[in-house]
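Below: the structure, in structure tokens.
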Amino acid sequence: MKITEQLNLVKVFTGTPWEAEIVKGLLESAGIHAVVDDESLESLSPYINQNTTVWVDPQDEGIALELIWRREN
């Protein structure tokens, strides 16, 4: 079982590692704790992987999605 499942976190963003780090910073600057889950084999080439996900606590999901939407639009 993945740590994000154990912590009962919800997915709010999936993209490149660079994008995920930007989204994590955006959320954390708004006071939302965010976790980046990179599903790549990090020892090979983590910044090429396209499957990096940002997770948040379910109670923060709504505002997190709104902040991400505002950033993208």
Side-chain angles (χ1 to χ4, degrees):
M1 178 180 290
K2 296 179 102 177
I3 189 72
T4 51
E5 293 170 351
Q6 293 173 349
L7 295 175
N8 192 35
L9 300 177
V10 293
K11 183 189 313 185
V12 293
F13 178 83
T14 300
T16 68
W18 297 106
E19 293 171 321
E21 289 297 332
I22 290 169
V23 168
K24 179 183 178 193
L26 170 74
L27 297 177
E28 290 187 340
S29 71
I32 298 171
H33 178 69
V35 175
V36 173
D37 177 20
D38 187 354
E39 298 174 359
S40 71
L41 297 173
E42 292 183 22
S43 62
L44 294 178
S45 189
Y47 290 101
I48 294 175
N49 180 34
Q50 298 294 314
N51 296 319
T52 303
T53 304
V54 179
W55 303 81
V56 299
D57 189 273
Q59 69 185 19
D60 296 324
E61 180 181 18
I63 190 69
L65 291 172
E66 182 177 336
L67 289 169
I68 293 166
W69 181 83
R70 286 183 185 177
R71 176 191 168 269
E72 293 175 349
N73 293 300

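For the numbers below, each heavy atom of this structure counts, side chains included, while hydrogens, waters and symmetry mates do not. The residues of the chain are indexed from 1 along the displayed sequence. None of the values given here were measured: they were computed from a predicted structure.
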Validation: residues 23-32 side-chain donor-acceptor distances under 3.5 Å, sequence neighbours left out:
unit_1 : atom_1 : unit_2 : atom_2 : d
Ser29  : OG     : Gly25  : O      : 3.4
Ser29  : OG     : Leu26  : O      : 2.7

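The heavy-atom pair separating Ala64 from Val12 by the smallest distance is CB-CG1, 4.2 Å. For the pair Val56 and His33, the tightest heavy-atom approach, listed with the atom from each and the gap, is CG1-O, 3.8 Å. Residues Phe13 and Glu19 share a closest heavy-atom pair of CZ-CB, 3.7 Å. Annotation for Trp55 and Asp37: closest pair NE1-CB, 3.2 Å, computed over non-hydrogen atoms. Heavy atoms only, all atoms of each residue included: Val54 and Ala20 are closest at CG2-O, 3.6 Å.
Evaluation of the side-chain hydrogen bond (donor to acceptor under 3.5 Å, both in side chains) test over residues 57-66, restricted to residues two or more places apart or in two chains, returns Glu66-Arg70.
A distance of 7.5 Å separates OG1 in Thr16 from CD1 in Ile22, rounded to the nearest 0.5 Å.
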